[in-house]
A.B. asks: 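Okay, here's the structure, questions in a sec.
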Number of protein chains: 2
Amino acid sequence: MMNESVILELQRATHATLHLLMTELADLDLTASEINALGNLADGVERTASELGAAVGSRPATLTGILDRLERRGLIVRGPRQGDRRAVQISLTPQGDQTAALIRRALTDIEDRTLAGIPADAVAGAGVVLRALTGAAR
Amino acid sequence: MMNESVILELQRATHATLHLLMTELADLDLTASEINALGNLADGVERTASELGAAVGSRPATLTGILDRLERRGLIVRGPRQGDRRAVQISLTPQGDQTAALIRRALTDIEDRTLAGIPADAVAGAGVVLRALTGAAR
DNA sequence: TATTGTTATACTCTATAACTATA
DNA sequence: TATAGTTATAGAGTATAACAATA
């Protein structure tokens, strides 16, 4: 057989999980990219726009629109970055923090449910492969 | 730490590899979704539009546009499906087959290069996890 | 009645390039 | 000069719903 490209499987899995995530979180009325951004911010670590862009895989120009909507809805705030006045620091508002926690819980739920019967070393291997593929683009 | 969600890593890896792939195949002047569709068709197996949609993770309405462009460029052909006249059979033209082979080679190159130092069982584990995540959405 | 695929609409994502402000 | 982020533009992806043809 031929259809075993990891990258093609990667894209299938991304589409499938993203769709599942948006269905479960439909009440939040957020797009996939907005969910992705909040999911990355959920750890409470403040990031500059470019750092967040690297984490979510969006270009600066794309991220501007995503952040515009999240800010307009009161989920994040743009502020100054100490020591570099060109950079924009992104922080969650209390409401954004609450929403991000819901997203984190949905992510964990889906992962727990999906990977229940799968050996821990397979999951660990997946992490290694995903990070290698992510790193390859630099 | 908190930022170790497999799904978030999945999205990062997808963005990164897709970007890399489009850069390497810039000469083809194809979008990510078009590359994805041709990459899935590269095995020479004919598929209906809905089967291809499931493989690439696109909805029917989205796929229509993707197929429109691929057909206009002479890379695929839409034909009838034996036994079900509602369905549309997608086949590669000779030119499409050639393009699909280039995509396959680029995919293989990236994967070989990226996963060179990674143990085979980690790669196998990644496959298991990716298929589990893909299957969870059903 | 249900399914396959297309069309229509509105919105979001994307790439690119030009721009402002800081460094 | 280089970097961080925004703006502008055009094209592509997305969800949704309505539709035609076929099952």
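Predicted model only: the values in this text are computed from it and were never measured. Residue numbering restarts at 1 for every chain, and letters A, B, ... go by the order of the sequence lines.
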A.B. asks: Would you indicate, yes or no, if C/dG5 has its OP1 or OP2 atom less than 4.0 angstrom from a side-chain nitrogen or oxygen of B/S50?
C.D. replies: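 Looking at the OP1 and OP2 atoms of C/dG5, one of them is under 4.0 Å from a side-chain N or O of B/S50.
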A.B. asks: Tell me whether A/R78 is salt-bridged to A/D68, with the criterion being a basic N under 4.0 Å from an acidic carboxylate O.
C.D. replies: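 Looking at A/R78 and A/D68, the cut-off is met.
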A.B. asks: B/I110 versus B/L21: any side-chain heavy-atom pair under 4.5 Å?
C.D. replies: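 They are in side-chain contact.
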A.B. asks: Starting at the 5' end of DNA chain D, which residue's closest nucleotide do you reach first, A/H15 or A/D68?
C.D. replies: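 Going by which nucleotide is closer to the 5' end, it is A/D68.
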A.B. asks: Between D/dA23 atom C1' and B/D84 atom CG, what is the distance in whole Å?
C.D. replies: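 Taking CG of B/D84 and C1' of D/dA23, I get 7 Å after rounding.
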A.B. asks: Give the rounded distance in Å between these two atoms: CD of A/E46 and C1' of D/dA4.
C.D. replies: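 From A/E46 CD to D/dA4 C1': 17 Å.
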A.B. asks: Where each residue is assigned the nucleotide of DNA chain C containing its nearest heavy atom, which of A/T31 and A/A61 is assigned the position nearer the 5′ end?
C.D. replies: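 Going by which nucleotide is closer to the 5' end, it is A/T31.
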A.B. asks: Start at the 5' end of DNA chain D and walk down; is the nucleotide closest to A/M22 or to A/V88 reached first?
C.D. replies: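 Closest to the 5' end, via its nearest nucleotide, is A/V88.
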A.B. asks: Quick one: B/N36 CG to D/dA12 C1', roughly how many Å, whole number?
C.D. replies: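 In whole Å, D/dA12 C1' lies 14 Å from B/N36 CG.
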A.B. asks: Roughly how far, to the nearest 0.5 Å, is the CG atom of B/L10 from the CG atom of A/L133?
C.D. replies: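 One finds 10.0 Å between CG of A/L133 and CG of B/L10.
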A.B. asks: Nearest to the B/A87 side chain among C/dT4, C/dT14, C/dT6, which nucleotide is it?
C.D. replies: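 Nucleotide nearest to B/A87's side chain: C/dT4.
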A.B. asks: Between C/dA15 atom C1' and B/L21 atom CG, what is the distance in whole Å?
C.D. replies: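 After rounding, the gap between these two atoms is 16 Å.
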A.B. asks: Just call it for A/S33: base, sugar-phosphate, or nothing, with non-hydrogen atoms closer than 4.0 Å on any strand.
C.D. replies: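 The residue A/S33 makes sugar-phosphate contact but no base contact.
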A.B. asks: Does the side chain of A/L8 come within less than 4.5 Å of B/R104's, by heavy atoms?
C.D. replies: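 B/R104 vs A/L8: side chains touch.
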A.B. asks: Indicate, with a heavy-atom threshold strictly under 4.0 Å, whether B/L63 touches base, sugar-phosphate, or nothing.
C.D. replies: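 Since no nucleic acid heavy atom lies under 4.0 Å of B/L63, the category is nothing.
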A.B. asks: Expressed as a whole number of angstroms, how long is the span from A/L30:CG to C/dT12:P?
C.D. replies: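 For the pair A/L30 CG and C/dT12 P, the rounded distance is 11 Å.
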A.B. asks: With heavy atoms under 4.0 Å as the rule, sort A/T64 into base, sugar-phosphate or nothing.
C.D. replies: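 Answer is base: heavy atoms of A/T64 come under 4.0 Å of a base.
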A.B. asks: Under 4.0 Å: is that the gap between some side-chain N or O of A/R86 and OP1 or OP2 of D/dT6?
C.D. replies: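 For A/R86, the contact criterion (side-chain N or O under 4.0 Å from OP1 or OP2 of D/dT6) is not met.
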A.B. asks: On DNA chain C, nearest-nucleotide positions of A/G57 versus A/R85: which is more 5'?
C.D. replies: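 Checking each residue's closest nucleotide, the 5'-ward one belongs to A/G57.
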A.B. asks: If you look at every heavy atom in A/G74 and A/T93, which pair is closest and at what distance?
C.D. replies: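 Closest pair (atom of A/G74, atom of A/T93, distance): O-OG1, 2.6 Å.
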A.B. asks: Round to the nearest Å and state the distance from A/L67 atom CG to D/dT6 atom C1'.
C.D. replies: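 Distance, rounded to whole Å: 11 Å.
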A.B. asks: Could you tell me the separation between the CG atom of A/D29 and the C1' atom of D/dT14, rounded to a whole number of Å?
C.D. replies: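 For the pair A/D29 CG and D/dT14 C1', the rounded distance is 14 Å.
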A.B. asks: For B/E34 and D/dA12, give me the distance from atom CD to atom C1', rounded to whole Å.
C.D. replies: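 Atom CD in B/E34 sits about 8 Å away from atom C1' in D/dA12.
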